[in-house]
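What follows is a short report on a single structure.
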Amino acid sequence: KAGVTQTPRYLIKTRGQQVTLSCSPISGHRSVSWYQQTPGQGLQFLFEYFSETQRNKGNFPGRFSGRQFSNSRSEMNVSTLELGDSALYLCASSLRPSGETQYFGPGTRLLVL
Amino acid sequence: GQSLEQPSEVTAVEGAIVQMNCTYQTSGFYGLSWYQQHDGGAPTFLSYNALDGLEETGRFSSFLSRSDSYGYLLLQELQMKDSASYFCAVKGSQGNLIFGKGTKLSVKP
């Protein structure tokens with residue numbers, strides 16, 4: 001089975017721009033969670049989608065949004081980028097919602113200049 | 001709220017045994033998970049403890065004491081490839097995983 005894939009792997013943007021990141025879960029997994037990882041804050045939960053519905057959301061501003069498609073692929077969008085949004089964005093899939101066993105993708109490394 | 005505490009760094013010698021601790025504070029508890037992340041890589045699931053006691057998977061063991069809100073990951077016969085960051089995680093009140101800041105393990109020859 002193919003693992004979780006994320007595109008793009010690397011991205012450079014400037015302040016004020018917006019960005020869309022994509023995640024394809026493991027086949028058969030319907031839950032996709034997104035995390036932001038930075039050296040200072042560690043792994044922080046952004047949101048989780050299951051069957052095209054957002055189940056829960058972390059403590060991030062409204063500039064961070066996401067969606068899930070009928071094939072379970074998910075996208076997250078960050079609008080009006082700030083320097084502090086530079087981070088590794090990881091998505092993880094699991095069989096069931098809020099699964100303790102999550103399978104992570106390689107991440108998208110975003111640099112905001 | 002929920003929080004997890006882990007030592008930031010641990011150094012050990014190849015072939016040795018190392019224990020990495022995790023204490024947690026959470027309003028509802030469903031279990032403790034452990035993940036490994038190599039530099040530049042993605043976190044990978046190692047183990048999950050829902051009940052008290054020791055779970056063993058090869059060279060890796062994970063222990064949980066719910067009464068002490070404490071768990072640890074034990075690595076035996078350390079290898080250089082075990083150098084990585086190790087995160088413990090609990091499920092938050094909304095169902096999402098909350099991760100500790102991680103312990104960076106350095107294995108020396």
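Naming convention: chains lettered A, B, ... in sequence-line order (proteins, then strands); numbering from 1 in each chain. Keep in mind that this is a model prediction, so the values were computed, not measured. Computation of the quantities below employed the complete heavy-atom set of this structure, encompassing side-chain atoms and omitting hydrogens, waters and symmetry-equivalent molecules.
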Output for pair (L43(A) CG, I98(B) CD1), nearest 0.5 Å, gives 12.0 Å
Report whether [X] and [Y] are members of the same hydrophobic cluster (ILVMFWY, side-chain heavy atoms less than 4.5 Å apart, transitive linking).
X: F60(B); Y: V18(B); result: yes
X: L88(A); Y: F87(B); result: yes
X: F47(A); Y: F69(A); result: no
X: M80(B); Y: L75(B); result: yes
X: F63(B); Y: V90(B); result: no

Most chain A-contacting option - heavy-atom pairs closer than 4.5 Å, from G40(B), P43(B), A50(B), G41(B):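 When all of G40(B), P43(B), A50(B), G41(B) are compared, P43(B) has the most.
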- Item | Qualifying disulfide bond (SG atoms under 2.5 Å apart) pairs, either residue in residues 10-113 of chain A, two or more places apart |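 Sorted pair list: C23(A)-C91(A).
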For G105(A) and A42(B), the nearest pair of non-hydrogen atoms, with its separation, is O-CB, 2.9 Å
Report every donor-acceptor pair between chain A and chain B with a separation under 3.5 Å, backbone and side chains included.
residue: Q37(A); atom: OE1; partner: Q37(B); partner atom: NE2; Å: 3.0
residue: Q37(A); atom: NE2; partner: Q37(B); partner atom: OE1; Å: 2.8
residue: N56(A); atom: ND2; partner: Q94(B); partner atom: O; Å: 2.7
residue: S98(A); atom: O; partner: K91(B); partner atom: NZ; Å: 2.7
residue: S98(A); atom: OG; partner: G95(B); partner atom: O; Å: 3.1
residue: E100(A); atom: O; partner: Y35(B); partner atom: OH; Å: 2.8
residue: E100(A); atom: OE2; partner: K91(B); partner atom: NZ; Å: 2.8
residue: Q102(A); atom: N; partner: Y35(B); partner atom: OH; Å: 2.9

